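Everything quoted here is computed from the prediction, not taken from an experiment. All values below were derived from every heavy atom in this structure, side-chain atoms included, with hydrogens, water molecules and symmetry-related copies excluded.
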Amino acid sequence: MTEGYLFDIQGFSVHDGPGCRTLIFFKGCSLRCLWCSNPEGINPLPEPLYNSSKCIFDHLCVDACPNQSISVQNNTLYFDRNQCYDCNTYECAGACCTGALKIGGYSISCEELMKKIQRDRQYWGSNGGITLTGGEPFLQPIFTKELLLQCHNSFIHTAVETCGNVSWQNIEQSLEYLDWIFFDLKQMDDSKHAIMTGAGNKLILENARKLALNFNGRLIFRMPVVSHLNDDKEHIRHLASFLNSIGKEEINILPLHHFGRDKYALAGLNYYTRDFSSPSKESLSQIQSIFNEYKINCYSGSDTPF
């Protein structure tokens, strides 16, 4: 059976595709965006998520770990996460009696996931379906393709949210089973993109061009708006010109939010975006106006194209 790694499944979504949808969150991402709202989805394998406020330091997890990957220093647990990624028993989380330690992520077969999807189907209405998100679904290309194929054969509407920073082959093999693709374009300048996300944008832009030529479903580009990083007029005009050049006429701009900041500590990560401000309504309106000048339909935030 084909298996993949997820970290969450959420029902009743209305912002990630038409109708009411089930969101399936994949583990693993090829970017390290400074503002990522799902840090528990960055690493490709299950990992410990530690909530220090619930910990009573009873050492049960320390004693349970077969690899001695947990230590206690100054009333704080420390994890050797490189060893944790090789673990598949998760005895530490099983020993925790307060809920302070949980495992973020799990493996699941396509068959088991399809049972959950079919369970949710009765709540979607006539226009709903599934949306694969993450993390980056196309980093698990075999699992993604198999899941989309089974949904396609079950007449389930399918969508995916992607950063585009994967090989074209990973994307191409799933295209015939996809109805919608949401594709992120974060920054048109390659060096600035690397600062913002940890990787350049050449592969992303090339995949965007290929999708514009080869994908027969609905392709909607998205741009997370981060003040002082990608909201200047020059950048917006550059992005609008790019969309014109590949024959696409719609984009969804998404203002920065900080909803995921509390999850960083759980994953042992630092949150570097606290000082980043969300764009004002005036700034979003100016961005919309520029896209409109280029004959591009621009949807702001929850004002989605569906």
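Note that the OG atom of Ser174 and the CD1 atom of Ile142 stand 10.5 Å from one another [nearest 0.5 Å]. Rounded to the nearest 0.5 angstrom, Leu149 CG and Thr144 OG1 are separated by 12.0 Å. Ile287 CD1 to Leu239 CG: the interatomic distance, rounded to the nearest 0.5 Å, is 10.0 Å. Rounded to the nearest 0.5 Å, atoms CG (Asn153) and CG (Leu148) are 11.0 Å apart. Here the OG1-CZ distance, from Thr2 to Phe143, works out to 8.0 Å after rounding to the nearest 0.5 Å. To the nearest 0.5 Å, the span separating CD1 on Ile296 from CG on Leu243 amounts to 4.5 Å.
Shown here for Glu47 and Arg81, the closest heavy-atom pair between the two residues is OE1-NH1, 3.9 Å. Considering all non-hydrogen atoms of both residues, Thr197 and Trp35 come closest at CG2-CH2, 4.3 Å. Across all non-hydrogen atoms, the minimal contact from Met223 to Ile251 is CB-CD1, 4.1 Å. Pro46 and Gly105 get closest at one heavy-atom pair: CB-O, 3.6 Å. What you find for Ile70 and Cys65 is that their closest heavy atoms are CD1-CB, 4.2 Å. Contact between Tyr50 and Phe57 at its shortest, heavy atoms only, is OH-CE2, 3.7 Å.
Classification of Arg218 and Asp179 as a salt-bridged pair fails, no side-chain N sitting under 4.0 Å from a carboxylate O. Checked for salt-bridge contact, Arg237 and Glu234 miss the test: no charged N lies under 4.0 Å from a carboxylate O.
Annotation: side chain of Val72 is in contact with side chain of Val62 (closest heavy-atom distance under 4.5 Å). Counting only heavy atoms from C-beta outward, the side chains of Ile171 and Leu211 approach each other to under 4.5 Å. Between His15 and Ser302, some side-chain heavy-atom pair lies under the 4.5 Å cut-off. Using a 4.5 Å cut-off on side-chain heavy atoms (C-beta onward), Thr158 and Tyr177 make no contact. Between Glu172 and Asn214, the closest side-chain pair of non-hydrogen atoms is not below 4.5 Å. Phe25 has its side chain out of reach of Ile9: every pair of non-hydrogen atoms, C-beta onward, lies at least 4.5 Å apart. Contact annotation: the side chain of Leu256 never approaches that of Ser227 to less than 4.5 Å [non-hydrogen atoms, C-beta and beyond]. For the pair Phe12 and Cys20, the minimum side-chain heavy-atom distance is below 4.5 Å.
Side-chain contact, Asn43 with Tyr85: a donor N or O sits under 3.5 Å from an acceptor N or O. Residues Asn51 and Ser53 have side chains that bring a donor and an acceptor to within less than 3.5 angstrom of each other. With hydrogens and angles left out, the side-chain atoms of Gln10 and Asp8 include a donor and acceptor closer than 3.5 Å. Thr22 and Trp124 share a donor-acceptor pair across their side chains, judged by distance under 3.5 Å alone. Under 3.5 Å, the side chains of Glu136 and Thr162 contain a donor-acceptor pair of N or O atoms. Between Asp80 and Gln83, the side chains place a donor N or O and an acceptor N or O closer than 3.5 Å (distance only, hydrogens not considered). In the model, Asn170 has a side-chain atom that pairs as donor or acceptor with a side-chain atom of Ser167 under 3.5 Å. A donor-acceptor contact closer than 3.5 angstrom links the side chains of Tyr299 and Glu250. Under 3.5 Å, the side chains of Glu146 and Gln150 contain a donor-acceptor pair of N or O atoms. Side-chain N/O atoms of Ser13 and Arg21 include no donor and acceptor closer than 3.5 Å.
Panel note: side chain Asn165, backbone Leu31; no donor-acceptor pair is recorded below 3.5 Å. Remark: side-chain polar atoms of His157 are not paired, donor with acceptor, to backbone N or O of Ile130 under 3.5 angstrom. Checked by atom type and distance alone, the side chain of Lys248 never pairs as donor or acceptor with a backbone atom of Ala208 at under 3.5 Å. A donor-acceptor pair is defined here as one N or O able to donate and one able to accept, closer than 3.5 Å; no such pair exists between the side chain of Lys186 and the backbone of Pro224. Judged purely by atom type and a 3.5 angstrom limit, Asn270 has no side-chain atom pairing as donor or acceptor with the backbone of Tyr272. Side chain of Gln140 to backbone of Tyr5: a donor-acceptor contact under 3.5 angstrom is found. A donor-acceptor contact shorter than 3.5 Å links the side chain of Asn207 to the backbone of Gly164. With hydrogens and angles disregarded, no donor-acceptor distance shorter than 3.5 Å links the side chain of Ser283 to the backbone of Pro279. The backbone N or O of Gln169 lies less than 3.5 Å from a partner atom in the side chain of Gln173, making a donor-acceptor pair. Judged purely by atom type and a 3.5 angstrom limit, His235 uses its side chain to pair as donor or acceptor with the backbone of Asn230.
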Please report the C-alpha distance between Trp180 and Phe306 in whole Å, then the side-chain angles of each, then the deciding distance to 0.1 Å, and finally whether the ring-ring contact (aromatic ring centres under 6.0 Å, His included) criterion is met. CA-CA 11 Å; Trp180 286 39; Phe306 41 82; 5.7 Å; yes
Can you list the steps and then say if Asp189 with Ser191 is a side-chain hydrogen bond (donor to acceptor under 3.5 Å, both in side chains)? CA-CA 6 Å; Asp189 181 271; Ser191 60; 2.6 Å; yes
Step by step, would you call Leu77 with Ser52 a side-chain contact (heavy atoms from CB on, under 4.5 Å)? CA-CA 8 Å; Leu77 293 187; Ser52 60; over 6 Å; no
Between Ile117 and Leu113, does the side-chain contact (heavy atoms from CB on, under 4.5 Å) criterion hold? Intermediate values first, please. CA-CA 6 Å; Ile117 291 170; Leu113 183 52; 4.1 Å; yes
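For the side chain to side chain contact (heavy atoms under 4.5 Å, CB included) test with Val166, the passing option among Ile204, Leu139, Leu203 is Leu139; the others fail.
Remark: Arg222 qualifies as a cation-pi partner of Phe182 under the 6.0 Å distance and 45° angle criteria applied to the six-membered ring.
Taking the six-membered ring where tryptophan is involved, the planes of Phe183 and Phe221 are perpendicular, since the angle between them exceeds 60° and thus also 30°. The aromatic rings of Tyr271 and His258 lie perpendicular to each other, with more than 60° between the two planes, well past the 30° mark.
With sequence neighbours excluded, the residues forming a side chain to side chain contact (heavy atoms under 4.5 Å, CB included) with Glu3 are Ser107, Ser109, listed by chain and number. For the ring-ring contact (aromatic ring centres under 6.0 Å, His included) test, no residue two or more places apart in sequence or in another chain qualifies with His59.
Residues Ile246 and Tyr294 share a hydrophobic cluster, clusters being chains of Ile/Leu/Val/Met/Phe/Trp/Tyr side chains in contact below 4.5 Å. Cluster membership for Phe291 and Leu284, using ILVMFWY side-chain heavy atoms within less than 4.5 angstrom, is shared.
For Glu206, the CD atom sits in a packed shell: over 12 heavy atoms of surrounding residues, nucleotides or ligands are nearer than 6.0 Å. Heavy-atom neighbours of Tyr123 OH from other residues, nucleotides or ligands within 6.0 Å: at or below the threshold of 12. Within 6.0 Å of CD on Gln68 lie no more than 12 heavy atoms contributed by other residues, nucleotides or ligands.
Taking the six-membered ring for Trp and the full ring otherwise, Phe138 and Phe26 have centroids separated by 6.0 Å or more.
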